[in-house]
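Here's the structure, in structure tokens; my notes come after.
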Amino acid sequence: MRSIARTFALSLGIAATTVFLIMVAIFVSKYPMEEREFRACRVVAAILDRATDINGQNLTVRSTPALEELKADSPNLWYVVSVGDLVSEYGSEHRPPLPFAFPYRGPVGLSVFSTQDQNSTFCLAVAQRGPLRLTTMVGEPQVRFGRIARNFLVRNTFSIAVVALAFATTVAVGSALAARFVSRGIERVARRALAIDPSAPQGLISLSEVPRELKPLIEALNRAFGEIDAYIRMQRRFLGNAAHQLRTPLTLLRAKIDDVPDPALKAELVRDVRRLTSLVSAMLDLARLQNHASEKRPIDLAQITLDVLADFSPSALDAGIELALEHDGEGPFVVQGVDAAIRSALANLVGNALIHAHGARRIVATVSCDGVSIHDDGAGLPDGAEHRLTEPFQTGSAAGEGAGLGLSIVREIMAAHGGELLVASAPGCGTTMRLRFAAAAAPARSPQLDLQEH
């Protein structure tokens, strides 16, 4: 789409030029009568001048298309053309008494005079042809308006063009400034709209910040933002309520499974209930994260990572996987965040590696000044699978283990902290999942400890 300012300026410039030319045409058509007579005399004098031939002692007014057209349009036309003592006249029967005698000795130029009886006017034109002076007197000419207009436009083409260009330029500049004012208002609205959090579009765009013409659009946007926010809140309340209501039936179901006498059936039911419980817990965590904004504090990434690895040590020991904590560079490793949320994100990554890193023998957590990465030496993910893992209910396990919400929750946590979750993997080379934060916080002391489980 073209620029508003450019389109606006071009359109108004063309419109202004058209209006100006129409005004010129109206001006010419409404010329004062005296001025129109003068212009008509100029046209007739030019026609006769071009039709007059002077050859020695002969003066001839030859027939030309323009002269024949003038005669046809002017039934009472008369004219007298003289050079010295040579005279050629036409329509003498219509010529009234003249106040001048031939040969005329006046100055060179063109004038309109009244006849002696004051009943009509005639045109007197005197032109210099070398050493000769050509005098023309014309009366009762009927010159077509088109010929007068053409004569006027031809003689004033440059002046008209300059004035038209100046007029069009002035209008175009003014319209460009007006369009720029409108576009700047649109830019302010766009910046204000971009500042609204899409996950919680609660802010409204102030109507005082925009031009009057844009207020209906802003009112519609504010109404849409309000409806979206209400829908998101309703969806989150439903998610939280549904997850909370499911926890009690699952707990009761888990207690009843203990009475199942068949060991194989009991193990299968326990596994299914565990998966349902994991799904419900993940949904509840996601709802809590979306519905509540906690105050951010300086967080020691090294200490939190150490605590999470310690929590997973028994599971890693049972699976025969080694857990290790390493540091990339010198501390402190501090970021601004919510302690419980960051612990949940790390626990999701470590637990995900323990469950899905098939063939892994070692999981390494590396802490740096801007985040934490969890790397396993397992089989890795299929090509392109890492791009789908952060979507809800997507897992990297063909067996369908897990709820598929863990990495989605991690992504939400990192987005709330102004950071991001990065996943890198290749078949046979393991998988690395990194929590990268936007900026570090104030310095703090972090432990330098390597934890291993065999």
Side-chain angles (χ1 to χ4, degrees), residues 197-200 236 239-240 243 275 277-294 296-297 299-312 315-316 323 325 333 335-357 360 363-376 378 380-381 384-397 400-425 430-440:
D197 184 2
S199 62
R236 289 173 177 174
L239 180 62
R275 291 184 61 193
T277 302
S278 175
L279 173 61
V280 170
S281 297
M283 290 173 61
L284 192 58
D285 289 342
L286 183 58
R288 287 172 177 169
L289 178 66
Q290 293 175 336
N291 290 330
H292 301 285
S294 302
K296 295 179 181 179
R297 303 176 183 273
I299 303 297
D300 188 341
L301 289 179
Q303 184 60 54
I304 288 184
T305 305
L306 177 62
D307 294 343
V308 171
L309 292 179
D311 292 340
F312 279 95
S315 299
L323 295 180
L325 174 63
F333 307 103
V335 296
Q336 290 283 349
V338 180
D339 185 281
I342 295 178
R343 287 180 185 271
S344 176
L346 283 171
N348 267 302
L349 295 189
V350 176
N352 189 74
L354 287 173
I355 295 173
H356 299 298
I363 297 176
V364 181
T366 303
V367 183
S368 63
C369 60
D370 64 345
V372 183
S373 62
I374 307 297
H375 174 75
D376 66 73
L381 299 172
E386 62 269 19
H387 301 295
R388 301 191 304 269
L389 290 180
T390 56
E391 298 299 324
F393 305 104
Q394 296 292 328
T395 69
S397 172
E401 295 290 338
L405 282 175
L407 294 183
S408 176
I409 294 176
V410 173
R411 184 184 63 178
E412 294 283 346
I413 292 174
M414 295 308 297
H417 286 78
E420 58 183 336
L421 169 63
L422 304 176
V423 181
S425 182
T431 301
T432 300
M433 297 191 181
R434 177 172 177 78
L435 304 180
R436 186 167 68 183
F437 292 86

Report task. Kindly indicate whether the side chain of Leu421, heavy atoms from C-beta on, has any atom under 4.5 Å from the side chain of Leu435. Result -> yes
Query raised in the report: Can you find a pair of side-chain heavy atoms, one from Met414 and one from Phe437, that are under 4.5 Å apart?
Result: yes
Query - Which atom of Ala365 lies closest to which atom of Leu309, heavy atoms considered - result: CB-CD1, 4.0 Å
Query raised in the report: Which distance, rounded to the nearest 0.5 Å, do you find between the OG1 of Thr366 and the CG of Leu301?
Result: 12.5 Å
**Report entry** Expected output: side-chain Asn348 to main-chain Ser344 donor-acceptor under 3.5 Å
**Finding:** yes
Query raised in the report: Taking 4.0 angstrom as the limit, do Asp307 and Arg343 come out as a salt bridge?
Result: yes
Query raised in the report: Per the side chain to side chain contact (heavy atoms under 4.5 Å, CB included) rule, which among Leu323, Ile363, Leu346 passes with Phe312?
Result: Leu323
Query raised in the report: Any donor-acceptor pair under 3.5 Å linking the side chain of Ser425 with the backbone of Gly430?
Result: yes
Report summary line: What one should report as the nearest heavy-atom pair of Gly380 and Thr431 is CA-OG1, 3.6 Å
Requested in this report: Please report the C-alpha distance between Asp376 and Ile374 in whole Å, then the side-chain angles of each, then the deciding distance to 0.1 Å, and finally whether the side-chain contact (heavy atoms from CB on, under 4.5 Å) criterion is met.
Outcome: CA-CA 7 Å; Asp376 66 73; Ile374 307 297; over 6 Å; no
Requested in this report: Apply salt bridge (charged side-chain N to carboxylate O under 4.0 Å, His left out) to Arg434 and list each qualifying residue two or more places apart in sequence or on a separate chain.
Outcome: Asp370
Query raised in the report: Roughly how far, to the nearest 0.5 Å, is CZ of Arg297 from CD1 of Ile342?
Result: 12.5 Å
